[in-house]
Asks: 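Sharing a structure, written as structure tokens. Questions coming.
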Number of protein chains: 2
Amino acid sequence: MDTLTTRQKKILSLIVHEHIASADPVGSKNLVKKFGMDLSSATVRNEMGALTDAGLLRQPHTSAGRVPTEEGYRYFVRQLMNKTSLPPAIRATINHQFSQMTNDIQQWMRLAASVLANRTHSASLITAPQASEVKFKHLELIGAHGRQVLAILVLEGGQIHQQMLALDEPVTQEQLSIISRKFSQELAGKNAGRINLFIEPLTTVEKQVLDWIENEIIRSDQLPTGEIILDGLTNVLSEPEFAGSEEARRALRLLEERSILQDLLSQTILPDAIGGVQVLIGGEGSWNDLRQCSIILSKYGSPGVATGTIGILGPMRMSYGNSISLVRFFSGLLSDFVTQQW
Amino acid sequence: MDTLTTRQKKILSLIVHEHIASADPVGSKNLVKKFGMDLSSATVRNEMGALTDAGLLRQPHTSAGRVPTEEGYRYFVRQLMNKTSLPPAIRATINHQFSQMTNDIQQWMRLAASVLANRTHSASLITAPQASEVKFKHLELIGAHGRQVLAILVLEGGQIHQQMLALDEPVTQEQLSIISRKFSQELAGKNAGRINLFIEPLTTVEKQVLDWIENEIIRSDQLPTGEIILDGLTNVLSEPEFAGSEEARRALRLLEERSILQDLLSQTILPDAIGGVQVLIGGEGSWNDLRQCSIILSKYGSPGVATGTIGILGPMRMSYGNSISLVRFFSGLLSDFVTQQW
DNA sequence: ATTAGCACTCTAACGTTAAGAGTGCTAACA
DNA sequence: TGTTAGCACTCTTAACGTTAGAGTGCTAAT
């Protein structure tokens, strides 16, 4: 790929900025006027022609201004954008919003999704942090009526599974406590593969409970990601390029259809470094329904322990500087939470 | 309100059905042709005129067919619609989908929201079942590193709160177990008001834990509804009457903005009877953003113990028979779940 | 290398027109 | 008295033609 002259970079950058602001194609004459360039429109036109040949700009039709192509946006994001960091005032405001929260990961995810969506005017998504390897931590059995027992399984990292079990035989609360304590001691720190090595003479009820535990842990291991929080879907709809088109609906459908979304997330190579941000522009050729959209994703959490994904989906014509620094900031926020809790 | 002749009812009913199917205004001539009526279009026209005078129909413009008004839909739903019950085949299919689920209320809500949204082609919403009065059931304290302790509070009905507490003083796991057991016995069945009657010489740590418990229970009491599950928002967008308009966006915004949604739910009088269904048509005058939408709501759960709300939001031009019976069915499904678990 | 000038192209907006659908009214009919 | 045929009228929608404006690419001059 031919490298561009500094003037060409300057012009490309201005066009991207102007188009993001106005949503309209930008022409040579307006460009020089608006930014007080000491060049004539004709010169700018020549450069724009070169950029068009290079595949970074295109014209919606012969007599319209230029619009960045996917490739143009990519070049902009990768080479031209000045890495803005989030203004301290905004950091402070957001931190304040979270300072009054309980320590519940669910609540944090919800609030993060909401604030991120509002500040970026995009749809936001967050997947729950997923432990790299699920390990047993604690078991509690609480009798209800009859043979009904509320079983609570605590996994390392604080994940909690609860279920009402109908026992095969009636058991007193006394006995339940004994079983709980026994299992909690014997199984502590064991992963799915080592749960069933726990072989001793077991009562029917103990066997039943153990089966349930193993089942839950295996299931937690297998589900690649758990819950997904979405917010701000309607933000995307208010963008002018989606006014009344099917495009937006199909893009949002991608988010709502969790299985498709999981595909997308698992097929995307995220930078391993926490705080690293991946920008997908225009579906990157693979996702037809995202041709007009861009996605910004970041992994968060504690590598090797538990990680999740946070990101936004907005129109390709989005304010990348802002959005990227916001995603990065929230990624850090949730990482801190996870590190502190796990 | 003047009562209508049987023929007028018949015609109103046909118009509603036809308009729901076609999304277009329906004219007298097409009506007689399509349904093979042994009346002339002129007669039908006269009746349509009467129905228009009665406020049940309107014309988008002079030379267009008729469309039901809000009032017209209301009359239809209340008086004309034959109460269809869900076909057994569909019941069976849905039951089957749920038969393989774990007993987790979250999972059930999610699946129910998804299936309900798909089958009604509308947006669906479900609020988590909320206990009528929150009562303590069980406490568990599990030591982590240092003074960090994972506190798990089980409320009657199976609601679980967890939080990582930083204790004021270091405490061994032994002591934690003793505290857990003591609290679990002494506080069992107590509600928020009676938690603090538990006055005995308390250690610093015990006091700290007790404060936390009280706090959590009060908070649970005060929050009128907890989590809200949404699904199928994009379904609404594909309706022709919303093609490219702001209307749909604003209606969906109402759902996404949880605080507004809670307002709406709390201001709506739901039939107390479980399985009863409330139909709100066109925002019922109060909700401007819902002028083109209808909402079908039903309370589910176990009255006096724990209840939640389930419902859908779709275009006013929706298939009420289908939708109502689906909402009713899912309401029953979740009620059964709650009754069984609580 | 840059720029002024100009012919050219294409869109968006506007007005006109014609076709089609549906109505309301009147007068005839059973 | 209820029903129907006929007809003039209204209004939307699509199609077409026109025009103003914006932006371009090219050429020739600086």
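In what follows, every chain begins at residue 1, and chains take the letters A, B, ... in the order their sequences are listed. Heavy atoms only: backbone and side chains are in, while hydrogens, waters and symmetry mates are out.
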Asks: Given T234(A), which partner from the list R249(B), E256(B), E257(B) fulfils the side chain to side chain donor-acceptor pair (under 3.5 Å) test?
Replies: E256(B)
Asks: Hey, is the main chain of R58(A) close enough, under 3.5 Å, to the side chain of T52(A) for a donor-acceptor pair?
Replies: no
Asks: Quick check: on DNA chain D, is the nucleotide nearest Q59(A) upstream (toward 5') of the one nearest E47(B), or the reverse? Name the residue that is more 5'.
Replies: E47(B)
Asks: Under 4.0 angstrom, heavy atoms only, what part of the nucleic acid is S41(B) near: base, sugar-phosphate, or nothing?
Replies: nothing
Asks: Mind calculating the distance between CG (D24(A)) and P (dG21(D)) to the nearest angstrom?
Replies: 18 Å
Asks: Using chain A heavy atoms and a threshold of under 4.0 Å, write down where along DNA chain C the contacts begin and end, 5' to 3'.
Replies: dT2(C) to dT11(C)
Asks: If a pair satisfies salt bridge (Lys or Arg N to Asp or Glu O under 4.0 Å) and one of its residues is in residues 21-45 of chain A, list it, with sequence neighbours excluded.
Replies: E18(A)-K34(A)
Asks: What nucleic acid atoms does N30(B) come within less than 4.0 Å of, heavy atoms only: base, sugar-phosphate, or nothing?
Replies: sugar-phosphate
Asks: For T43(B) and dT4(D), is the shortest distance between a side-chain N/O and OP1 or OP2 below 4.0 Å?
Replies: yes
Asks: How close or far is atom P of dT3(D) from atom CG of D38(B), stated in whole angstroms?
Replies: 11 Å
Asks: So, the side chain of S13(A) versus the backbone of K9(A): is there a donor-acceptor pair under 3.5 Å, distance only?
Replies: no
Asks: Of all residues at least two apart in sequence or in a different chain, which pass the salt bridge (charged side-chain N to carboxylate O under 4.0 Å, His left out) check with R7(B)?
Replies: E47(B)
Asks: Which atom names give the shortest non-hydrogen contact between Y320(B) and M81(B), and what distance separates them?
Replies: CB-SD, 3.7 Å
Asks: Find which nucleotide of DNA chain D each of L39(B) and A64(A) is nearest to by heavy atoms, and output the residue with the more 5' nucleotide.
Replies: L39(B)
Asks: Counting side-chain heavy atoms from C-beta on, which of dG21(D), dT4(D), dT3(D) comes nearest to S63(A)?
Replies: dG21(D)
